[in-house]
Amino acid sequence: MVTIKTPLQIAGIKKSCRLAAQTLQYTASFLKPGISTEFLNQKAHQYILDHGAIPAPLNYNGFPKSICTSVNHVVCHGIPSPDHFLKEGDIINLDVTTILDGFYGDTSATFGIGRISPQAQKLIEVTKKSLNLAIKNIKPGRYLNEAVGKTIEDYVHSFNFSSVRDLGGHGVGLKFHEAPFVFHFDTPQNRIPLRPGMIFTVEPMINASPNWQVFIDQQDGWTVFTQDNSLSAQFEHTVLVTPRGHEVLTKI
Ligand code: MF3
Ligand code: CO
Ligand code: CO
């Protein structure tokens, strides 16, 4: 069941989304070669607490940290570690989800560390553009699969990249993950007409190869890797469907 949020709920979710976006920006300001992913986790964790909120990932289904840090061929759900130091040429996705007054906001972005390869730069650009092209299509009466999934899939295919199929976006706001599951490729399962008051994430994970397949780390049970070791990038926004179109709630 896809829920329609009330004006009061929307107001609360907007505040949480704004804090998530601010946390992401704040945490990214520390990115440089030589810092650990655990250092980023601590910065985000403290910032969220200082603003009266809770980091949603911490203890979520046993996840051990407050944000996800996904480097290079890690697709998503990377676990911050004091032993993992960033180096020039890496790309890293920071994924922040806040709970403020019980309401959830979810956003992520991918950054380059120092000078990165032209291939990595292109991947980041294409991934961000695919998200923005999808968001532009969001308005009442459009179908979710055409507005979002098909748009992302068609765009990234034109660069010989692929859109990961095993993970997706999600309704969000009153819980971390709500209906609908948002596929980043065209499927009749997402033939859902958009209606004002729906809130969901769009968060394409794009691989720098035509192979969309992934696997999960057997040791930690979380880290998702590209099957062929190719780079992967991701951007995520929480989006509200409005009577006239949409509003991106995690934009600063
Ligand atoms: N923030 C991720 C998402 O966009 C979910 C992370 S789940 C966690 O849906 F447990 F790894 F934090
Ligand atoms: Co999400
Ligand atoms: Co997220």
Side-chain angles (χ1 to χ4, degrees), residues 2-3 5 13 16-28 37-38 40-42 44-45 47-48 53-71 74-81 84 92-100 103-111 127-128 130-131 134-135 138 144 148-149 152 163-184 190 198-206 214-217 219-225 232-240 248-252:
V2 181
T3 61
K5 268 68 180 181
I13 296 164
S16 191
C17 284
R18 198 168 312 128
L19 178 61
Q22 285 166 344
T23 306
L24 178 59
Q25 187 185 59
Y26 171 78
T27 308
T37 51
E38 170 60 15
L40 299 166
N41 176 66
Q42 282 170 11
H45 180 89
Y47 188 91
I48 291 166
I54 299 166
L58 188 58
N59 302 319
Y60 176 77
N61 293 336
F63 191 79
K65 298 287 178 177
S66 297
I67 58 169
C68 297
T69 53
S70 302
V71 178
V74 174
V75 173
C76 63
H77 301 170
I79 302 173
S81 161
H84 187 156
I92 180 171
N93 175 276
L94 303 176
D95 194 333
V96 174
T97 313
T98 50
I99 313 172
L100 182 62
F103 298 109
Y104 289 73
D106 191 5
T107 186
S108 86
T110 300
F111 305 88
T127 304
K128 188 172 191 174
S130 76
L131 169 59
I135 288 174
I138 293 174
L144 181 57
V148 171
I152 290 168
S163 182
V164 169
R165 298 170 84 92
D166 297 1
L167 301 117
H170 48 94
V172 67
L174 309 183
K175 293 189 297 176
F176 201 159
H177 295 109
E178 305 174 2
F181 187 91
V182 177
F183 293 90
H184 299 118
N190 261 177
M198 288 181 179
I199 298 181
F200 54 85
T201 72
V202 183
E203 50 181 298
M205 286 145 276
I206 306 302
V214 300
F215 67 93
I216 299 179
D217 190 301
Q219 247 68 53
D220 67 28
W222 281 102
T223 312
V224 179
F225 295 96
S232 190
Q234 181 179 27
F235 286 83
E236 173 175 27
H237 276 307
T238 299
V239 182
L240 165 70
V248 180
L249 303 185
T250 43
K251 222 159 52 187
I252 293 200

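We count ligands from 1, going down the list as the structure has it; atoms in each ligand are counted the same way.
- On a distance-only criterion, H77 and ligand 1 share no N/O pair closer than 3.5 Å.
- Scanning the protein for heavy atoms near atom 4 (O) of ligand 1, the closest one is E203 OE1, 2.8 Å.
- Atom NE2 of H237 and atom CG of L131 lie 5.5 Å apart (nearest 0.5 Å).
- In this structure, OG in S232 is found 7.5 Å from CD1 in I206, a value given to the nearest 0.5 Å.
- From the protein, the heavy atom lying nearest to atom 9 (O) of ligand 1 is H177 NE2, 2.8 Å.
- Formation of a donor-acceptor pair under 3.5 Å by the T110 side chain with backbone atoms of Q234 is found in this model.
- When you scan the N, O or S atoms of E203 for the one nearest the Co ion (ligand 2), you land on OE2.
- Here the N, O or S atom of E236 that is nearest to the Co ion (ligand 3) is OE1.
- Nearest heavy-atom pair across H77 and S70 is N-OG, 3.4 Å.
- For the Co ion (ligand 3), the nearest N, O or S atom contributed by D106 is named OD1.
- The residue from I79, D106, I67, V96 that puts a heavy atom closest to atom 3 (C) of ligand 1 is D106.
- With rounding to the nearest 0.5 angstrom, the CD1 atom of I67 is 10.5 Å from the CD atom of Q42.
- Close placement of the Y60 and H177 rings is indicated, their centers lying within 6.0 Å of each other.
- Nearest protein heavy-atom contact of atom 2 (C) of ligand 1 is D95 OD2, 3.4 Å.
- For ligand 1, none of its N or O atoms has an N or O atom of Y60 under 3.5 Å away.
- At least one heavy atom of H170 sits less than 4.0 Å from an atom of ligand 1.
- The nearest heavy-atom contact from the protein to atom 12 (F) of ligand 1 is P57 CB, 3.1 Å.
- Rounding to the nearest 0.5 Å places CD1 of I54 at 13.0 Å from OG1 of T97.
- Set against the non-hydrogen atoms of T97, the atoms of ligand 1 under 4.0 Å away are 1 (N).
- The two residues L240 and I199 make their nearest non-hydrogen contact at CD1-CG1, 3.6 Å.
- A distance of 8.0 Å separates CG of N41 from CG of L58, quoted to the nearest 0.5 Å.
- Here the closest heavy-atom approach between residue G173 and residue K5 is recorded as CA-CE, 4.5 Å.
- No side-chain donor-acceptor contact under 3.5 Å links H184 and E203.
- Among all non-hydrogen protein atoms, the one lying nearest atom 5 (C) of ligand 1 is F176 CZ, 3.7 Å.
- The shortest side-chain heavy-atom distance between D106 and T250 does not fall under the 4.5 Å cut-off.
- For the Co ion (ligand 2), the set of nearby N, O or S atoms under 2.8 Å includes one belonging to H170.
- Contacts with ligand 1 closer than 4.0 Å are made by no heavy atom of T201, backbone or side chain.
- Residue W222 has no nitrogen or oxygen atom sitting less than 3.5 Å from a nitrogen or oxygen atom of ligand 1, judged on distance alone.
- For ligand 1, the atoms lying closer than 4.0 Å to a non-hydrogen atom of C68 are 6 (C), 11 (F), 12 (F).
- Looking at C76 against ligand 1, nothing comes within 4.0 Å, counting heavy atoms.
- In summary, D95 places an N/O/S atom under 2.8 Å from the Co ion (ligand 3), meeting the contact criterion.
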